[in-house]
Amino acid sequence: MPELPEVETIRVALEPLLVGRRIERTEILDERLTRPEPPAAVAQQLTGERVECVQRRGKYLLLRLESGRVLLVHLRMTGSFRSENSLHTRAVLELDDGTSVTYRDVRRFGTWLLLDEEDVDPYLTARLGDEPLERGFTLARLAGRRAPVKAAILDQRTVPGLGNIYADEALWRARVHPLRPAGSLDDEELARLRRGIRNALRAGIARQGATLSDYAAPDGTAGSMQREFKVYGRSGEPCDRCGTPIEKTRVAGRGTWFCPSCQS
DNA sequence: TTGGCGTCCTGGAGGC
DNA sequence: TGCCTCCAGGACGCCA
């Protein structure tokens, strides 16, 4: 599931493939991908454009184009880019240097949205809070919330880019139980959680993300963060900190792993 | 306004 | 071996 570290890894890998290249031909094979816009209309508008830069906001990839338009890509569960053809290809960008970049998505949840420049910020600002790795990031939105802290930090307006895996890892680092009401955390716990989120995401970026099933960088390289997981997917294994077996529960409909002893 | 749940979607695992 | 059911989860809409 591409979260911030995986999307950032993809962004870095896409830059040398796309930046400065003109799109000679666009093929969109899945009509869900560009809904509500018809794929043919989006393909037509992309063709002929030159890619100026590839950016990231939360889990969104932004392909800024010569015309000022921006292609907003959300990979959701299983979306990824490849520099070679692969199974479950949903779109192909053929470039002016003879190469092509393929978009694949097994579960077809991913979305491509082509926006005018002036519409990008309002679109993202309505959905995303401050970037968690930037200096100004705070957890102020947790104040007064009764929802479980795990559900609250999965809200992209609170922590853009955080998903199920890194939420569990961050809560373990912060020694905070995932079912604690978000508004019950004191200042020290909030500071620990802020550090936990940032450190978990940084660790993920440093290891080029986590490869569990589908995720890989555009050149097919797998990430290695899954080897560093402290709780995610580790039911019954001893906690690295206290040795207590890791337990699994459900929070906000998501599988949630935690240490019942040192996360309070 | 908040929180919980259903929906979309497909491949893989497990049970029979 | 083949069929069936369940599970995984990001974002969004709906409802209480």
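The sequence lines fix the lettering, A, B, ..., with proteins before strands; numbering per chain opens at 1.
Residue A/Arg76 contributes atom CZ, which lies 15 Å from atom P of B/dT10 at whole-angstrom precision. Here the P atom of nucleotide B/dG11 and the CZ atom of A/Arg104 are 10 Å apart, to the nearest Å. Following rounding to the nearest Å, A/Leu33 (CG) and C/dA11 (C1') show an atom-to-atom distance of 15 Å. Atom-to-atom, OH of A/Tyr60 to C1' of C/dG10 comes out at 10 Å; the value is rounded to the nearest Å. Between the CZ atom of A/Arg157 and the P atom of B/dT1 there is a distance of 10 Å, rounded to whole Å. In this entry the distance linking CG of A/Leu154 with C1' of C/dA11 reads 11 Å, nearest Å. Atom pair A/Leu124:CG and C/dG10:P shows a separation of 18 Å (rounding to whole Å applied). Taking atom CG on A/Leu75 and atom P on B/dC8, their separation rounds to 22 Å, with Å as the unit.
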Can you tabulate the close N/O pairs, meaning under 3.5 Å, that link protein atoms to atoms of nucleotides 7-9 of chain C?
residue	atom	partner	partner atom	Å
C/dA8	OP1	A/Lys248	NZ	2.5
C/dA8	OP2	A/Arg250	NH1	2.7
C/dA8	N3	A/Arg107	NH1	3.1
C/dA8	N3	A/Arg107	NH2	3.2
C/dG9	OP1	A/Asn164	ND2	2.7
C/dG9	OP1	A/Tyr232	OH	3.0
C/dG9	OP2	A/Gly255	N	3.1
C/dG9	N2	A/Arg107	NH1	3.4

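One finds no salt bridge joining A/Glu24 and A/Arg22 here, because no Lys/Arg side-chain nitrogen approaches an Asp/Glu carboxylate oxygen to under 4.0 Å. The pair A/Glu27-A/Arg25 meets the salt-bridge criterion, with a side-chain N (NZ, NE, NH1 or NH2) lying under 4.0 Å from an Asp/Glu carboxylate O.
A/Pro148 comes within 4.0 angstrom of the backbone, heavy atoms only, and of no base.
Across A/Leu142 and A/Ala152, no two heavy atoms sit closer than the pair CD2-CB, 3.5 Å.
A donor-acceptor contact under 3.5 angstrom links the side chains of A/Thr47 and A/Thr26, judged on distance only.
Side-chain contacts under 4.5 Å among hydrophobic residues (ILVMFWY), followed directly or transitively, place A/Leu124 together with A/Tyr60, A/Leu62, A/Val70, A/Leu72, A/Leu113, A/Leu115, A/Val120, A/Tyr123, A/Leu128.
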